[in-house]
Amino acid sequence: MPELPEVEVVRRKLEPQLTGRTIRRIVTTEPSYFFLTSPGTLKRRLRGQTVRGLVRKGKYLSLEFDSGNTLLLHLGMTGQLFMSGASSLRLLQSTAHVALSPEAQPTFVTDKHTHFQMYFDDDRPHMLFRDVRKFGKVKLLGTGEIDPRIAKLGTDALKADPEALFRACKSRKTAIKNVLLDQSVLAGVGNIYADEALFAAGVRPTRRAPRVTRKECGRLIAALQRILLRSIETGGSSISDFVNPDGEDGKFQDERRVYARTGEPCCSCSETIKRLVIGQRSSHFCPHCQS
DNA sequence: GTTCCCCTGCGG
DNA sequence: CCGCAGGGGAAC
């Protein structure tokens, strides 16, 4: 679900609500691969930690604590981070299998997919991490500890330069689409924004990377950054289940040109948008506008 | 490099 | 029943 813009929207919403707050209690579901750090360790080591700030690294979000420790979060495909409260209440009530808290005045709801909850030492809303498919991740890093996943990330897509993309393209035989999705090249790009940038730059997703010109890399990076910033501005893409921490939908899905528009006419030339599979992921493109 | 896997839910 | 889904990692 969440790519760079969605994670950034979440970060901006959460940061003012979490910064300066001290954790009192952690509630989790049973151990699973969702927890790269075990629930027991999280409960023990997070209590008493005070949030200093939130930093986004590609599609990862890290909560940085005054102690120097860091809580690394990844939303996977269906992860949702939100604060308890009225909007979130609406959100969960609109989904299946909701369990209302038994108290007379429910201030929040959880369900079996709510895997991680962080309560603070005051009565303000707490943070919930819900993830239906459990492809998301939670990991606590000690002071100075570097996670190998983060170490492997390339330049954040918003700061990437065309020349770096061009060099990456020259060194691979794979399709350009796969290069754009490679987090060690451009951190934060996912399937929606890769397809949208390729359309905007007029490059077909199947094109072999070494055959993408320097000029096209320039167009790709420019398009990508314009699209990512526009998506952040509009609150991200809510195609299936993305909501921000207040439970609100984004609006960028209305500005998609090709992603999940298979069979629809191209907005530019009216040719039918095609879909094919590249690297096990759907790719959507206009056969006329992209070569 | 592909291929398969993790997991749940939805829609045809 | 089947295929599909904003992700990523590991094994051939």
Side-chain angles (χ1 to χ4, degrees), chain A residues 1-10 29-36 56-61 72-81 92 94-98 111-115 129-139 147-154 157 168-169 171-198 206 208-210 224 227-228 231-232 234-244 249-263 275-284:
Chain A
M1 164 188 50
E3 308 182 27
L4 185 154
E6 290 75 35
V7 178
E8 179 60 22
V9 166
V10 169
T29 50
E30 292 303 298
S32 69
Y33 63 84
F34 177 85
F35 295 102
L36 297 180
R56 183 188 57 75
K57 296 165 183 173
K59 299 174 198 172
Y60 289 86
L61 197 58
L72 199 57
L73 305 177
H74 193 289
L75 299 178
M77 289 278 266
T78 52
Q80 301 172 317
L81 278 175
L92 277 179
S94 73
T95 68
H97 309 300
V98 169
D111 62 7
K112 63 177 179 178
H113 304 300
T114 306
H115 299 295
F129 188 170
R130 181 171 183 268
D131 184 1
V132 169
R133 293 177 74 182
K134 288 200 287 190
F135 290 168
K137 296 282 176 281
V138 178
K139 183 177 184 180
D147 185 84
R149 295 168 176 78
I150 300 297
K152 278 186 221 143
L153 291 179
C169 284
S171 70
R172 289 153 214 253
K173 292 181 179 176
T174 191
I176 179 65
K177 171 71 182 281
N178 289 329
V179 178
L180 293 180
L181 289 180
D182 187 335
Q183 300 300 294
S184 72
V185 178
L186 292 172
V189 180
N191 216 20
I192 297 177
Y193 302 102
D195 280 5
E196 294 298 319
L198 285 162
T206 47
R208 298 298 100 181
L224 184 61
I227 290 165
L228 293 173
S231 181
I232 292 170
T234 57
S237 296
S238 296
I239 292 169
S240 159
D241 42 19
F242 174 72
V243 288
N244 73 25
D249 282 349
K251 295 278 171 278
F252 190 78
Q253 65 278 9
D254 301 338
E255 302 189 19
R256 282 171 301 137
R257 302 287 198 230
V258 288
Y259 182 81
R261 291 201 180 281
T262 311
R275 168 188 179 273
L276 45 85
V277 175
I278 303 171
Q280 316 309 118
R281 314 292 301 279
S282 285
S283 286
H284 313 78

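Naming convention: chains lettered A, B, ... in sequence-line order (proteins, then strands); numbering from 1 in each chain. Note that the structure is predicted; figures quoted are calculated from it, not measured.
To the nearest angstrom, P of B:dT8 lies 16 Å from CD of A:Q80. If you measure from atom CG of A:D131 to atom C1' of C:dA5, you get 13 Å, rounded to the nearest angstrom.
Taking only side-chain nitrogens and oxygens, A:K137 never comes nearer than 4.0 Å to OP1 or OP2 of C:dG9. In terms of phosphate contacts, A:H113 brings no side-chain nitrogen or oxygen within less than 4.0 Å of OP1 or OP2 of B:dT8. Contact between the side-chain N/O atoms of A:R133 and the OP1/OP2 oxygens of B:dC5 is not found at any separation under 4.0 Å. When the side-chain nitrogen and oxygen atoms of A:K134 are compared with OP1 and OP2 of B:dG9, none of them lie within a distance under 4.0 Å.
Of the two residues contacting DNA chain C, namely A:K152 and A:G190, the nearest-nucleotide position lying further toward the 5' end is that of A:G190. Where A:I192 and A:Y60 each meet DNA chain C at their nearest nucleotide, the meeting point lying more 5' is that of A:I192.
When both pairing distances are held under 3.5 Å, B:dT2 makes a Watson-Crick or G-U pair with C:dA11.
Set against B:dC6, C:dG8, B:dG9, the side chain of A:Y33 has B:dC6 as its closest nucleotide. You'll find that the side chain of A:T174 is closest to B:dG1, out of B:dT8, B:dC6, B:dG1. The side chain of A:F135 lies closest to B:dC6, out of B:dC6, C:dC4, C:dG8. Side-chain proximity of A:Y259 to the nucleotides C:dA5, C:dG9, B:dC7 is greatest for C:dA5. Comparing atom distances between the A:S282 side chain and each of C:dG8, C:dA5, B:dG1 picks out C:dA5 as nearest. Of the candidates C:dG9, C:dG8, B:dT8, B:dT8 carries the atom nearest the A:V132 side chain, counting heavy atoms from C-beta on.
Among the atoms of the strands shown, base atoms are found under 4.0 Å from some heavy atom of A:S238. The residue A:R275 sits close only to the backbone: its heavy atoms come under 4.0 Å of sugar-phosphate atoms, none of a base. Nucleic acid contact class of A:Q183 (heavy atoms, under 4.0 Å, all strands): sugar-phosphate only.
Taking CG from A:L4 and CD1 from A:I192, the interatomic distance works out to 12.0 Å, rounded to the nearest 0.5 Å.
Here the two rings, on A:F252 and A:Y193, have centers that are under 6.0 Å apart.
The backbone N or O of A:I232 lies less than 3.5 Å from no partner atom in the side chain of A:E8, so there is not a single donor-acceptor pair.
Side-chain contact between A:D249 and A:V243 is present, with at least one heavy-atom pair separated by less than 4.5 Å.
Salt-bridge check for A:R257 with A:D195: failed, with every basic side-chain N at 4.0 Å or more from each acidic carboxylate O.
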